[in-house]
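Report on the following structure.
Note that this is a predicted model, so its numbers are computed, not measured. Worth knowing before you read on, the calculation uses all heavy atoms, side chains too, and leaves out hydrogens, waters and symmetry mates. Numbers for residues simply follow the sequence, beginning at 1.
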Amino acid sequence: MQWIDGSDIDINQYTGETLCEKLSLDMWDCCKVEQWSRWADFIQVAYFIIAFDTELTMEGIFTFLENSIGHYAPQIIRAFRAITDDNDADILEEICSLCPPDIMRSKFLENSHQEYEINCFNENHELKKEIIERITELERNLYLNTDFDMWSLLFDFVDKKIAAL
């Protein structure tokens with residue numbers, strides 16, 4: 001199998017956990033997010049979850065919504081569902097329905113004079129207080145802020161995919 005940088009890799013030498021560790025170390029150095037769709041589905045699942053976790057841990061949900069990784073929210077939601085983590089998928093889906101990442105991101109693009117027809121912004125083009133409060137409440141229920149071990153689901157998912165190769 002080819003690795004994300006194009007080199008050959010014996011994927012069977014890895015467990016789900018060790019492969020995810022390798023992905024987390026290699027992902028930001030070799031490739032752009034746009035290239036992720038070229039990889040095996042199970043690699044994409046791991047990548048999108050790891051990227052989301054990185055963004056959420058470092059910057060929080062509002063930066064995720066503003067950042068380019070937020071554009072990939074549908075893929076991240078699908079990744080959570082693929083590993084059977086419907087709770088986090090549902091929470092992220094609701095967050096994105098309250099304030100779609102592409103709309104949030106366009107608000108911060110330089111020279112953007114677009115009028116927003118979305119109801120998450122007030123007349124000053126700022127997120128409404130009630131939207132901020134609801135998103136904050138939802139974020140508190142994501143795996144990162146609870147005792148839920150989403151990582152074991154991801155590692156088991158990758159283990160099964162490696163075994164099936």
Side-chain angles (χ1 to χ4, degrees), residues 3-4 11 13-108 118 120 127-165:
W3 187 235
I4 57 175
I11 204 94
Q13 70 179 335
Y14 295 94
T15 65
E17 185 172 358
T18 59
L19 187 63
C20 287
E21 287 172 6
K22 181 171 178 48
L23 288 170
S24 68
L25 294 172
D26 294 350
M27 68 190 287
W28 302 111
D29 292 335
C30 77
C31 309
K32 295 182 179 191
V33 176
E34 296 83 18
Q35 296 172 310
W36 295 0
S37 63
R38 299 181 193 155
W39 304 328
D41 288 343
F42 75 99
I43 301 284
Q44 290 180 51
V45 165
Y47 256 58
F48 282 118
I49 290 174
I50 292 167
F52 176 73
D53 181 74
T54 301
E55 186 75 26
L56 198 63
T57 301
M58 293 176 61
E59 303 292 340
I61 195 68
F62 292 101
T63 299
F64 165 78
L65 293 169
E66 296 167 8
N67 239 341
S68 61
I69 195 69
H71 174 74
Y72 294 93
Q75 290 90 335
I76 296 165
I77 292 166
R78 280 193 295 278
F80 279 123
R81 293 204 192 287
I83 66 168
T84 69
D85 181 0
D86 290 329
N87 182 62
D88 288 310
D90 291 344
I91 291 169
L92 184 56
E93 200 167 57
E94 185 173 346
I95 288 170
C96 292
S97 74
L98 291 168
C99 186
D102 289 338
I103 298 296
M104 184 71 169
R105 185 169 163 240
S106 70
K107 178 186 183 309
F108 293 96
I118 190 112
C120 62
L127 280 176
K128 292 180 179 177
K129 181 181 178 188
E130 62 270 17
I131 299 293
I132 291 170
E133 290 171 354
R134 180 65 181 143
I135 290 173
T136 301
E137 176 186 334
L138 288 164
E139 180 185 22
R140 282 189 218 115
N141 293 312
L142 287 168
Y143 68 92
L144 192 63
N145 301 307
T146 67
D147 291 332
F148 182 69
D149 184 12
M150 174 277 303
W151 294 107
S152 64
L153 294 177
L154 176 59
F155 299 155
D156 289 345
F157 172 81
V158 175
D159 279 335
K160 289 174 185 169
K161 296 299 181 175
I162 290 171
L165 292 177

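The side-chain heavy atoms of Leu19 and Ile43, taken from C-beta on, include a pair separated by under 4.5 Å. You'll find the side chain of Glu93 reaches within 4.5 Å of the side chain of Asp90, heavy atoms only. Looking at Ile132 and Phe62, their side chains come closer than 4.5 Å, going by heavy atoms from C-beta outward. Here the side chains of Leu56 and Glu139 are in contact, with some heavy-atom distance below 4.5 Å. Using a 4.5 Å heavy-atom threshold, the side chains of Leu138 and Leu142 count as separate. No side-chain heavy atom of Ile77 sits less than 4.5 Å from a side-chain heavy atom of Phe48. At a threshold of 4.5 Å between non-hydrogen side-chain atoms, the residues Leu65 and Ile135 count as touching.
Remark: Cys99 SG to Arg134 CZ distance equals 14.0 Å, nearest 0.5 Å. Atoms CD and CD1, on Glu66 and Ile61 in that order, are 11.0 Å from each other to the nearest 0.5 Å. Of the inter-residue distances, the one linking Arg81 atom CZ with Leu92 atom CG reads 9.5 Å to the nearest 0.5 angstrom. Summarising the geometry, atom CE belonging to Met27 is positioned 10.5 Å from atom CG belonging to Leu25; distances are rounded to the nearest 0.5 Å. Ile11 CD1 to Leu165 CG: the interatomic distance, rounded to the nearest 0.5 Å, is 7.0 Å. Between Asn141 atom CG and Ile91 atom CD1 the span is 5.0 Å, to the nearest 0.5 Å.
Side chain of Ser24 to main chain of Glu21: a donor-acceptor pair is present (N/O by atom type, distance under 3.5 Å, no hydrogens or angles). A donor-acceptor pair under 3.5 Å links the side-chain atoms of Thr57 to the main chain of Asp53, judged by distance alone.
Pairing each heavy atom of Asp26 with each of Tyr47, the nearest pair is C-OH, 4.0 Å. When every heavy atom of Pro101 is checked against every heavy atom of Gly70, the shortest pair comes out as CB-O, 3.2 Å. When all heavy atoms of Val158 and Cys20 are compared, the pair lying nearest together is CG2-SG, 4.0 Å.
There is a side-chain donor-acceptor pair under 3.5 Å between Asn67 and Glu55.
Ring geometry for Phe52 versus Phe64: interplanar angle over 60°, hence perpendicular rather than tilted (30 to 60°).
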Could you pull out every donor-acceptor pair under 3.5 Å between side chains of residues 148-155 and any protein atom, sequence neighbours left out?
unit_1: Asp149; atom_1: OD1; unit_2: Trp151; atom_2: N; d: 3.3
unit_1: Asp149; atom_1: OD1; unit_2: Ser152; atom_2: N; d: 3.3
unit_1: Asp149; atom_1: OD2; unit_2: Ser152; atom_2: OG; d: 3.3
unit_1: Ser152; atom_1: OG; unit_2: Asp149; atom_2: O; d: 3.0

From CA spacing to verdict: salt bridge (Lys or Arg N to Asp or Glu O under 4.0 Å), Glu137, Arg140: CA-CA 5 Å; Glu137 176 186 334; Arg140 282 189 218 115; 5.8 Å; no
